[in-house]
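What follows is one structure encoded as structure tokens, with my remarks underneath.
Worth saying up front: this structure is predicted, and the values here are computed from it rather than measured. Start at 1 and go down the list; that is how both ligands and their atoms are numbered.
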Amino acid sequence: MASVASDPLLSHQIWHKNQIFPSKNPSLGFLPIPCSGFCSNPRRSVVRAQTAVIPVDSKGVVAPPPFEFDAVSEAELKERGFLGLRKTKLVCTVGPACSSLEQLERLALGGMNVARLNMCHNTREWHRDVIRNVKRLNEEKGFCISLMIDTEGSQMHMVDIGGASSIKAEDGSMWLFTTQKFEGHRPFTVQANYEGFAEGIVVGDELVIDGGMATFEVVEKVGSDLRCKCTDPGLLLPRAKLTFWRDGKLVGNNSDLPTLSTKDWADIDFGISEGVDFIALSFVKDADAIKHLKDYLSTRSSELIRVLAKIESLESLENLVDIVEASDGIMVARGDLGVQIPLEQIPAAQEKITHICRQLNKPVIVASQLLESMVEYPTPTRAEVADVSEAVRQYADALMLSGESAIGSYAEKALSVLRMTSGRMELWSREENRQSLLTQRQLAVSLPDRIAEQICNCAVEMANNLGVDAIFVYTTHGLMASLLSRNRPNPPIFAFTNKSSTRKGLNLQWGVIPFGIDLSEDMEDNIGKTFNLIKTKGMVKTGDVVLVVSDITSSHRIPVFQSIQVRTIA
Ligand SMILES: Nc1ncnc2c1ncn2[C@@H]1O[C@H](COP(=O)(O)OP(=O)(O)O)[C@@H](O)[C@H]1O
Ligand SMILES: C=C(OP(=O)(O)O)C(=O)O
Ligand SMILES: [K+]
Ligand SMILES: [Mg+2]
């Protein structure tokens with residue numbers, strides 16, 4: 001079994017500055033683990049990952065790999081032991097600052113599990129190149145990075161401001177908010193993107209820019225335009241969001257805007273044709289849009305594409321449980337949520353959303369402004385580190401970088417802050433045995449599903465009590481793996497699946513390391529085969545103790561449907 005002393009996280013109780021921050025002393029590394037292999041800058045890499053060997057036959061034809069694993073998890077396991085494996089998953093938004101093959105590779109080595117493409121920005125051709133780069137890295141270098149597209153959605157916002165990066169609105173200044181189209185910039189005039197933006201708005205209403213960057217009062221309606229006086233000075237940024245408030249409540253026409261615009265559907269078709277793994281739906285209002293998109297995907301794509309609902313509007317909060325039930329996962333999109341609800345309500349909303357997701361067994365991503373200052377600066381604020389820690393303490397499945405990776409100067413470093421901070425908080429939660437404090441409501445209704453759920457709950461209790469090194473689960477659609485993950489066990493969950501979409505989907509789930517492998521009907525055969533492969537790769541060794549959970553039909557001679565076994569690696 002992995003001893004405490006062999007676990008770098010456990011044996012180094014004191015947070016060492018050089019784990020995140022580059023030392024001024026060049027002899028002290030950026031990270032505790034030196035880099036070898038294909039990373040060019042040793043100060044920037046996290047783990048040694050070896051290039052996967054793709055079998056090629058005598059005619060040069062590439063054979064399907066018999067066993068797909070994640071080179072980064074493999075390296076992390078060898079370096080840090082079972083308990084040192086990171087459980088919280090990391091999502092990076094890919095933008096111009098990190099889109100080259102080399103930059104993506106560095107993010108992959110830094111622990112990126114999912115690459116997110118925000119379809120609000122850039123062209124489809126640009127996104128296609130990124131998708132192909134990520135797939136190439138997966139194939140050639142043995143990474144397991146899933147791909148997510150995030151729809152633009154419909155929202156009221158200002159259009160560009162004639163190329164300016166911002167405009168100052170002074171206290172008491174008068175402005176026209178208009179739907180007229182014009183090129184360039186006109187003083188004290190702002191173009192809104194949506195013709196009906198002023199419908200239902202009355203004199204005296206408050207117009208808030210970007211959730212509080214500046215505030216105006218509506219003083220006159222001029223046709224479909226609004227004349228407004230600045231009451232709280234501030235900055236207007238390109239595409240700044242517009243919301244109207246009356247008596248402390250949101251008013252206006254956002255709800256008339258479709259969840260999926262024509263452009264969104266075209267982006268979704270693009271995602272299907274490029275074979276993405278997740279589609280994140282912006283400004284979801286209710287479960288209907290999710291169901292509609294899932295139906296559409298089931299007829300258009302042979303592989304399962306998972307649909308994530310972004311909770312970023314008042315309406316989505318009102319229909320939260322239905323939305324969580326209908327979707328394959330959730331993103332707490334705090335950027336726009338902070339435009340639609342008062343900022344001080346976001347922490348409670350986040351905690352509630354993460355809790356409901358765990359109860360309903362859906363993965364949840366906490367997103368936006370986690371390390372916002374790192375877009376410009378090489379160190380995070382203490383408050384940002386505390387925010388990241390809080391999301392990990394709440395057992396969110398994943399954390400997301402937005403501008404920090406898309407346009408920031410310190411993408412890899414921001415990723416390493418997420419990695420080190422989450423590792424630290426996971427260790428603390430284990431030491432405090434915090435997962436046992438969380439009671440779970442029963443999910444399943446049918447007897448087979450209830451059995452699966454109970455097996456997973458018991459398996460995790462056993463795994464924690466026995467202190468096993470790892471949990472192995474054999475799963476076709478990922479249900480058993482996700483039910484194990486839901487219990488947030490101490491040991492890592494190695495999930496073996498024969499479906500590529502299951503492997504990429506499980507990538508977003510807390511504590512799950514997915515492997516691709518051919519599974520047979522014979523469970524003993526599967527167990528023997530995976531033990532051998534994992535041992536050959538040096539990921540387990542003789543004497544390691546593994547708790548094995550399976551839900552795949554065994555051979556006709558021994559029809560085992562679900563089982564828990566504790567095995568020692570021979
Ligand atoms: N594909 C891209 N091309 C260009 N810029 C991008 C891209 N993706 C993201 N960005 C930039 O990164 C910033 C942060 O990304 P994100 O949070 O996803 O978007 P937004 O700020 O629009 O909500 C964006 O404001 C945008 O400036
Ligand atoms: C993640 C978010 O969505 P987007 O970046 O697409 O606005 C958000 O609003 O927090
Ligand atoms: K978006
Ligand atoms: Mg948003």
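Near T93, meaning under 4.0 Å from any of its heavy atoms, are these atoms of ligand 1: 18 (O). Below 4.0 Å from some heavy atom of R334 lie the following atoms of ligand 2, by number and element: 10 (O). For ligand 1 and W126, the ligand atoms under 4.0 Å from any heavy atom of the residue are 1 (N). Each of the atoms 1 (C), 2 (C), 8 (C), 10 (O) of ligand 2 lies under 4.0 Å from some heavy atom of S368. Shown in contact with E312 at under 4.0 Å from a heavy atom are these atoms of ligand 2, numbered in order with element: 2 (C), 3 (O), 8 (C), 9 (O). Those atoms of ligand 2 with a heavy atom of G335 less than 4.0 angstrom away are 8 (C), 9 (O), 10 (O). Close approach to A333 involves these atoms of ligand 2, each under 4.0 Å from a residue heavy atom: 1 (C), 2 (C), 8 (C), 9 (O), 10 (O). The contact set between ligand 2 and M331, taken as ligand atoms under 4.0 Å from a residue heavy atom, comprises 1 (C).
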Derivation of the side-chain contact (heavy atoms from CB on, under 4.5 Å) call for F283 and K310 | CA-CA 6 Å; F283 299 105; K310 291 170 70 183; over 6 Å; no
Start with the C-alpha gap between S482 and N361, add the side-chain angles, then the distance that decides, and say whether side chain to side chain donor-acceptor pair (under 3.5 Å) holds.
-> CA-CA 7 Å; S482 72; N361 197 30; 3.0 Å; yes
Are F143 and E105 close enough, and set up right, to give a side-chain contact (heavy atoms from CB on, under 4.5 Å), and what steps lead you there?
-> CA-CA 9 Å; F143 295 119; E105 182 173 338; 4.0 Å; yes
Apply side chain to side chain donor-acceptor pair (under 3.5 Å) to Q191 and T179, showing your working.
-> CA-CA 6 Å; Q191 273 185 71; T179 56; over 6 Å; no
Verdict with supporting geometry, R334 and Q369, side chain to side chain donor-acceptor pair (under 3.5 Å) = CA-CA 8 Å; R334 305 185 303 182; Q369 298 185 345; over 6 Å; no
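The pair R132-E274 meets the salt-bridge criterion, since a charged nitrogen lies less than 4.0 angstrom from a carboxylate oxygen. For K241 and D210, the salt-bridge test fails: no basic side-chain N is under 4.0 Å from an acidic carboxylate O. A salt bridge links E412 with R106; the closest basic N to acidic carboxylate O contact falls under 4.0 Å. Taking the charged nitrogens against the carboxylate oxygens, E384 and R382 have no contact shorter than 4.0 Å, which rules out a salt bridge. Salt bridge status for R136 with E139: absent, with no side-chain N to carboxylate O gap under 4.0 Å.
The closest approach between H127 and ligand 1 falls below 4.0 Å for a heavy atom of the residue. Ligand 2 is approached by R116 to a heavy-atom distance shorter than 4.0 Å. Residue contact annotation: P96 has a non-hydrogen atom under 4.0 Å from ligand 1.
Looking only at its N/O/S atoms, D336 has OD2 as the one nearest to the Mg ion (ligand 4). Taking the N/O/S atoms of E312 in turn, the shortest distance to the Mg ion (ligand 4) belongs to OE1.
Considering only non-hydrogen atoms, atom 17 (O) of ligand 1 lies nearest to S402 out of G95, S282, S368, S402.
When non-hydrogen atoms are compared, ligand 2 lies under 4.0 Å from the side chain of N118 (C-beta onward) but not from its backbone. Looking at V94 against ligand 1, only its backbone comes within 4.0 Å, counting heavy atoms. At a heavy-atom distance under 4.0 Å, no atom of C120 approaches ligand 1.
Of the protein's non-hydrogen atoms, N122 ND2, 2.9 Å is the one closest to atom 3 (N) of ligand 1. If you check which protein heavy atom lies closest to atom 19 (O) of ligand 1, you get N118 ND2, 3.1 Å. Here the heavy atom of the protein found nearest to atom 7 (O) of ligand 2 is D336 OD2, 3.0 Å. For atom 13 (C) of ligand 1, the nearest non-hydrogen atom of the protein is I407 CD1, 3.9 Å. In terms of protein heavy atoms, atom 15 (O) of ligand 1 is closest to G403 N, 4.0 Å. Scanning the protein heavy atoms around atom 22 (O) of ligand 1, the nearest turns out to be H121 NE2, 2.7 Å. Among protein heavy atoms, atom 6 (O) of ligand 2 sits closest to K310 NZ, 2.9 Å. Protein heavy atom closest to atom 12 (O) of ligand 1, with residue, atom name and distance, is A406 CB, 3.5 Å.
Judged by distance alone, the side chains of S146 and N507 do bring a donor and an acceptor atom under 3.5 Å apart. Looking only at atom types and distance, the side chain of E76 has no donor-acceptor partner in the side chain of S73 under 3.5 Å away. Looking at Q350 and Q394, their side chains do bring a donor and an acceptor atom within 3.5 Å of each other. There is a side-chain donor-acceptor pair under 3.5 Å between R86 and N113.
Screening K291, K362, K504, K294 for a salt bridge (Lys or Arg N to Asp or Glu O under 4.0 Å) with D328, the sole residue that qualifies is K294.
Of the N or O atoms in K241, none lie within a sub-3.5 Å distance of an N or O in ligand 1.
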